[in-house]
Amino acid sequence: LLQGLADHELSVDLLAVVGKHGWLPDISGPNIRVIQFKTGHTQLALPELARYLRRERPDVLMPAKDRAVRTAVLARRLARVDTRLVGQLHNNISALMETKTALQRWLRCAPMRWLFPDVDLIIAVSEGVVQDTLKITGLPTEKVIALPNPVVGREIYAKSLEVVEHPWFADTSIPIIIGAGRLTREKDFATLIRAFGLVRRQKDCRLLILGEGPLRWELETQIAELGLAHSISLPGYVENPFAYMAKSSLFVLSSVWEGSGNVLIEALALGIPVVSTDCPHGPGETLAGGKFGTLVAVGDHQGLAEAMLNTLSQPLPATELQRAVTDFSVERSTRRYLQTLGFTD
């Protein structure tokens with residue numbers, strides 16, 4: 001999005017709060033500045049952000065995620081500037097809070113109800129996140145809108161052509177199923193692994209799960225117990241997942257919840273058939289209720305296995321899959337953002 005805005009001759013500052021395990025995106029250009037704050041925590045960035053607003057007086061400040069939005073509200077009050085404040089929400093807060101204590105939920109959600117009324121507009125990544133945000137904050141409907149993420153850019157297609165070193169891709173006769181994401185509860189790769197075990201009973205295939213996270217040992221134990229160690233690979237984090245996706249036969253999203261599901265959009269953009277859980281929120285919207293890929297109930301490994309087998313035997317044409325995600329192109333999404341932010345008619 002930053003690159004897309006800068007390409008339209010806007011001056012863009014990325015105000016980066018980088019924690020211990022954080023990273024900065026690789027963006028550059030004559031209209032882009034990357035300003036790294038000294039603190040590694042969003043809420044502690046309040047004084048620096050207020051000073052930035054007083055000094056630079058930008059037309060729009062667009063904080064991403066609810067903690068940053070709350071901090072931005074307070075910073076604008078301190079700075080006493082008329083900068084327009086447009087927050088971005090990328091996730092399903094209600095689902096994130098389901099495993100938290102009552103106190104943790106209150107500490108996360110109550111400040112949203114107190115501070116979000118001062119935001120000029122909230123942009124959510126899906127209609128589902130819009131509804132979740134309205135429920136949590138009590139904001140009027142006109143203050144929360146959905147805009148598609150600018151996910152599909154030229155770099156996806158360029159990177160998809162790169163060589164993959166994994167030995168499985170040398171044999172094109174055996175289908176490769178792929179999943180991708182952090183190895184965490186919300187991605188529910190345990191259900192994908194169980195489903196793959198059922199698929200393997202009927203069809204010779206392999207499963208790659210790209211990503212790293214705290215559940216690696218648990219998932220590896222499950223794989224071993226199911227006797228699938230020779231047909232499932234967890235290569236960890238990879239710099240270029242698009243090359244893996246493009247050479248696979250099927251992409252599967254097994255999440256318990258999502259905000260939008262960027263990785264599903266990326267697979268579709270590459271013309272790869274997909275199967276997804278009908279989790280809140282995003283996949284159902286992206287797949288048009290199942291038109292562009294089968295939707296399965298969350299946690300249903302038998303239904304997921306059936307959908308995987310059916311899709312492997314009767315995949316939709318790549319061109320049809322790619323049409324599903326035209327709204328997520330960088331150019332089209334950036335134009336929507338420019339209109340929403342008031343830079344074009």
Side-chain angles (χ1 to χ4, degrees), residues 164 166-181 183 185-211 215-216 218-236 238 241-256 258 261 263-264 266-268 270-279 283-284 286-322 324:
V164 172
H166 198 287
W168 285 357
F169 290 95
D171 184 357
T172 57
S173 67
I174 302 177
I176 294 176
I177 300 167
I178 193 164
L183 307 183
R185 297 286 180 197
E186 60 266 30
K187 301 303 179 184
D188 197 12
F189 289 123
T191 291
L192 174 56
I193 290 167
R194 284 194 296 273
F196 176 76
L198 298 180
V199 172
R200 277 277 298 173
R201 295 177 188 176
Q202 300 185 49
K203 188 175 185 65
D204 187 15
C205 54
R206 290 163 172 165
L207 173 64
L208 270 174
I209 299 177
L210 307 179
L215 296 188
R216 168 173 283 278
E218 188 174 311
L219 295 174
E220 288 176 339
T221 300
Q222 179 190 12
I223 291 166
E225 289 175 348
L226 293 173
L228 297 171
H230 296 296
S231 56
I232 299 181
S233 175
L234 275 61
V238 297
F242 310 120
Y244 288 79
M245 287 183 189
K247 298 167 183 62
S248 299
S249 302
L250 174 66
F251 179 86
V252 181
L253 185 83
S254 54
S255 297
V256 177
E258 289 283 346
V263 70
L264 186 69
E266 291 161 350
L268 289 166
L270 293 171
I272 306 307
V274 302
V275 170
S276 175
T277 52
D278 192 13
C279 67
T286 300
L287 298 180
K291 179 180 178 181
F292 299 107
T294 303
L295 292 162
V296 179
V298 170
D300 180 4
H301 71 281
Q302 293 181 330
L304 193 61
E306 183 180 344
M308 291 159 68
L309 283 166
N310 290 340
T311 305
L312 284 170
S313 63
Q314 293 182 305
L316 289 173
T319 52
E320 186 173 347
L321 297 171
Q322 289 168 329

Can you measure from [atom1] ([X]) to [atom2] ([Y]) and round to the nearest 0.5 angstrom?
{"X": "Ile232", "Y": "Ile223", "atom1": "CD1", "atom2": "CD1", "answer": "4.5 Å"}
{"X": "Leu198", "Y": "Gln302", "atom1": "CG", "atom2": "CD", "answer": "6.5 Å"}
{"X": "Glu258", "Y": "Thr286", "atom1": "CD", "atom2": "OG1", "answer": "9.5 Å"}
{"X": "Phe189", "Y": "Leu253", "atom1": "CZ", "atom2": "CG", "answer": "8.0 Å"}
{"X": "Ile177", "Y": "Arg206", "atom1": "CD1", "atom2": "CZ", "answer": "12.0 Å"}
{"X": "Thr294", "Y": "Leu287", "atom1": "OG1", "atom2": "CG", "answer": "9.0 Å"}

Please check this pair: side chain of [X] against backbone of [Y], looking for a donor-acceptor N/O pair closer than 3.5 Å.
{"X": "Gln202", "Y": "Leu309", "result": "no"}
{"X": "Ser313", "Y": "Asn310", "result": "yes"}
{"X": "Ser254", "Y": "Asp188", "result": "yes"}

Using every non-hydrogen atom in the two residues, find where [X] and [Y] come nearest and quote the distance to one decimal.
{"X": "Val199", "Y": "Cys205", "value": "CG1-SG, 3.7 Å"}
{"X": "Phe251", "Y": "Ile272", "value": "N-CG2, 3.9 Å"}
{"X": "Leu183", "Y": "Ile209", "value": "CD2-CG2, 4.0 Å"}
{"X": "Ile178", "Y": "Met245", "value": "CD1-N, 4.0 Å"}
{"X": "Ala267", "Y": "Val274", "value": "CB-CG1, 4.0 Å"}
{"X": "Phe242", "Y": "Leu270", "value": "O-CD1, 3.7 Å"}

Q.
With side chain to side chain contact (heavy atoms under 4.5 Å, CB included) as the criterion, how do Met308 and Leu192 come out once you've worked through the C-alpha distance, each side chain's angles and the decisive distance to 0.1 Å?
A. CA-CA 10 Å; Met308 291 159 68; Leu192 174 56; 4.1 Å; yes
Counting C-beta onward and ignoring hydrogens, is there a side-chain heavy-atom pair between [X] and [Y] closer than 4.5 Å?
{"X": "Pro175", "Y": "Leu250", "answer": "no"}
{"X": "Leu316", "Y": "Pro273", "answer": "no"}
{"X": "Thr277", "Y": "Val256", "answer": "no"}

Q. For Arg216, which residues count as a side chain to side chain donor-acceptor pair (under 3.5 Å) partner, sequence neighbours excluded?
A.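 Partners of Arg216 by the side chain to side chain donor-acceptor pair (under 3.5 Å) criterion, ordered by chain and then number, come out as Glu212, Glu220.
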